[in-house]
Amino acid sequence: QVQLVESGGGSVQAGGSLRLSCTASGRLPNSYTMGWFRQAPGKEREFVAAIKWRSGEDFYIDSVKGRFTISRDNAENTVFLDMTRLKPEDTAVYYCAADDGRGSAYPSTKAEYDYWGHGTQVTVLS
């Protein structure tokens, strides 16, 4: 089993920045992808960004490109999401997720991820 624990989040004015962190523990696959999803009230959980653990290749949804950056610390099994130029529409609960390494090359749907954190709230004030 893999456990994911998020930290960071909070409230920030529009245009501000926040950093989310997610630390993984347990029996991690040899090759896997870690990602961030978010869910706003009344909406479906949507993919935000992900990073392939071995290569460091990252990918994003269009609405956060140029504003959000996903990165990792291999030694600490931690993934980060640096969010800049935040907008009120970025307000959501943000979830960290990991796949088992046996799925698609660029997992970007909920069904492709096997492990989830409990989520952390991000609120962007207008």
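Heads up: numbering here begins at 1 and tracks the sequence.
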Just how far is it from atom CZ of R27 to atom CG of D100, taken to the nearest 0.5 Å?
13.0 Å
Short side-chain to backbone donor-acceptor contact, K87 and S126, under 3.5 Å
no
Please, which pairs that meet disulfide (SG to SG under 2.5 Å) have at least one residue in residues 83-118, sequence neighbours excluded?
C22-C96
If we only count heavy atoms from C-beta on, is the K110 to F47 side-chain gap below 4.5 Å?
no
Would R38 and D90 pass as an ion pair if we require N to O under 4.0 Å?
yes
Can a donor-acceptor pair be found between the side chains of T23 and T78 at a distance below 3.5 Å?
yes
So, K65 and D62, do they make that salt bridge, N to O below 4.0 Å?
yes
Can we call the ring centroids of Y32 and W53 under 6.0 Å apart?
yes
Quick check for you: to the nearest 0.5 Å, what is the distance between D99 atom CG and T33 atom OG1?
4.5 Å
Atom of E6, atom of Y95 and distance for their closest heavy-atom approach
OE2-CA, 3.4 Å
Is V122 close to L20 at the side-chain level, that is, under 4.5 Å between some pair of heavy atoms?
yes
Relative to each other, are the rings of F37 and Y113 parallel, tilted or perpendicular (30° and 60° limits)?
perpendicular
Side chains of F68 and L86, heavy atoms from C-beta outward: is any pair under 4.5 Å?
yes
Provide the full list of salt bridge (Lys or Arg N to Asp or Glu O under 4.0 Å) pairs with a residue in residues 116-126, sequence neighbours left out, each pair given once.
none
Evaluate the side-chain proximity of I70 to F80: yes if any heavy-atom separation is below 4.5 Å, no if none is.
no
Parallel, tilted or perpendicular for F59 and Y106, by the 30°/60° rule?
perpendicular
Do the non-hydrogen side-chain atoms of Y94 and Q39 ever get within less than 4.5 Å of each other?
no
Qualifying residues under side-chain hydrogen bond (donor to acceptor under 3.5 Å, both in side chains), relative to E112, sequence neighbours excluded
S104, T109
